[in-house]
Protein chains: 2
Amino acid sequence: MEPKTNFTELNVSDFAMAFEELTRIFIRMPSIEKLSFTTLSVLHTLSLRSPMRLSELIATEQVTQSAITQLVTRLERDGLVERRPDPSDGRAVLVHITPQGASVIDSRRTERIMQIARLIEGLSPGERAAIASALPALTRLAELGNA
Amino acid sequence: MEPKTNFTELNVSDFAMAFEELTRIFIRMPSIEKLSFTTLSVLHTLSLRSPMRLSELIATEQVTQSAITQLVTRLERDGLVERRPDPSDGRAVLVHITPQGASVIDSRRTERIMQIARLIEGLSPGERAAIASALPALTRLAELGNA
DNA sequence: TAAAAATATATCAGAAATTTATATAAATGT
DNA sequence: ACATTTATATAAATTTCTGATATATTTTTA
């Protein structure tokens, strides 16, 4: 028996499917700066909250501690982040994003906004309005996911 | 002067931001099967449309031809895809997803649907309704991105 | 229609990124 | 103080990727 779902009730499976698609489209959007996904993800995390401990970064990315340490070393070599000691804990290191690192994320973001804008032009005003109305909810969903 | 945007007009920058967040959350959702992002992306593409030529796969993924050839070789070794000649073009190869490969994607999808469902539980009924109303538009956005 | 150009894939060598295991140093608990 | 836990680093082995080049077919064109 089909569950008698409310018209406004959200079909999670459909949402996941749409989201999976959009994610892949999003990711394969070509970009000038050639950086790996993990690298960008770390930089992006830092662009929202810097500084962070290595251990905090490890929690957000789906890779090993060793990989993060080495990745941060590469980012530091390229001037995109800086390691500084944590004054409150001698074991820890605080990773700070540099202006250069922030500008990499910024320019990518700008690039992507333009690409998404081009896609959105293809939608009807009604479709755009629907997404606009859902935006606060989508933002909150992201917050829940980060918690 | 601030552009006097309509209440229902979609702010692309905000959408891109929310989407960027959701993408990262989505991707770092831990999973039983440990496969690289590119590997999963190829399998996922094939789960929607199989068979495909290598050259078609190259177009959808953001990597070199050499990387795809090698990746498909690994997938074939693991029994997730099969290479067969293209009857209409002697140069080409058609990559078919196997039942095993399809089930990898399926089980990941199921896993993720459950994880997303858990997040969605944290939303209010109104928020869920808003996303539900936007779902057709989001799906169409994905279609536009695939074109 | 034979030769040249383009297309589709494969291979190999080297570079880059990642995992596993282990090490070091500082903080915490007993 | 000593053992344990936490935070990061390092080294070696492995995996994956890029770049260059090769091969086989198709398409173009002269």
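No hydrogens, no waters, no symmetry mates; every other heavy atom, side chains included, goes into these values. None of these values were measured; they are calculated from a predicted model. Lettering follows sequence order; numbering is per chain, from 1.
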* According to the interplanar angle, ranging from 0 to 90°, do the rings of A:F19 and B:F19 count as parallel (below 30°), tilted (30 to 60°) or perpendicular (above 60°)? -> tilted

* In the hydrophobic clustering (ILVMFWY, side-chain contacts below 4.5 Å, transitive), which residues join B:L48, or is it alone? -> A:M17

* List the atom of B:A137, the atom of A:L123, and the distance in Å for their closest heavy-atom pair. => O-CD2, 4.0 Å

* Considering only heavy atoms of chain A and a distance under 4.0 Å, specify the first and last nucleotide of DNA chain C in 5' to 3' order that meet this criterion. => C:dA17 to C:dA27

* Asked: Between residues 81-95 of chain A and DNA chain D, which residues have a heavy-atom gap below 4.0 Å?
  -> A:R83, A:R91, A:A92, A:V93

* To do: For A:S36, answer base if it contacts any base atom (sugar-phosphate contacts may also be present), sugar-phosphate if it contacts only those atoms, and nothing otherwise; contact means non-hydrogen atoms under 4.0 Å.
  => nothing

* Does one side chain, of A:E143 or A:T139, offer a donor that lies under 3.5 Å from an acceptor on the other? -> no

* Do B:E20 and A:F26 have side chains that get closer than 4.5 Å, going by heavy atoms? -> yes

* Would you call B:R24 and A:E61 a salt bridge, taking side-chain N to carboxylate O under 4.0 Å as the test? -> yes

* Asked: Which parts of residues 42-52 of chain A get close to DNA chain D, meaning a heavy atom less than 4.0 angstrom away?
  -> none

* Asked: Among pairs that include at least one residue of residues 62-82 of chain A, which meet salt bridge (charged side-chain N to carboxylate O under 4.0 Å, His left out), considering only residues two or more places apart or in two chains?
  -> A:E76-A:R83, A:E82-A:R84

* Side-chain donor-acceptor pair under 3.5 Å between A:Q65 and A:T69, yes or no? -> yes

* Structure fact -> Closest heavy-atom pair, B:L35 versus B:V104, reported as atoms and distance to 0.1 Å, is CD1-CG1, 3.9 Å

* Verify whether one side chain among B:D86 and B:S88 offers a donor that lies under 3.5 Å from an acceptor in the other. => yes

* Proximity to DNA chain D (any heavy atom under 4.0 Å), residues of residues 65-78 of chain A only -> A:Q65, A:S66, A:T69, A:Q70

* To do: Check B:P87 against B:L94 and note the closest heavy-atom contact, atom names and distance.
  => CD-CD1, 4.3 Å

* Structure fact -> What one should report as the nearest heavy-atom pair of B:L40 and B:I105 is O-CD1, 4.1 Å

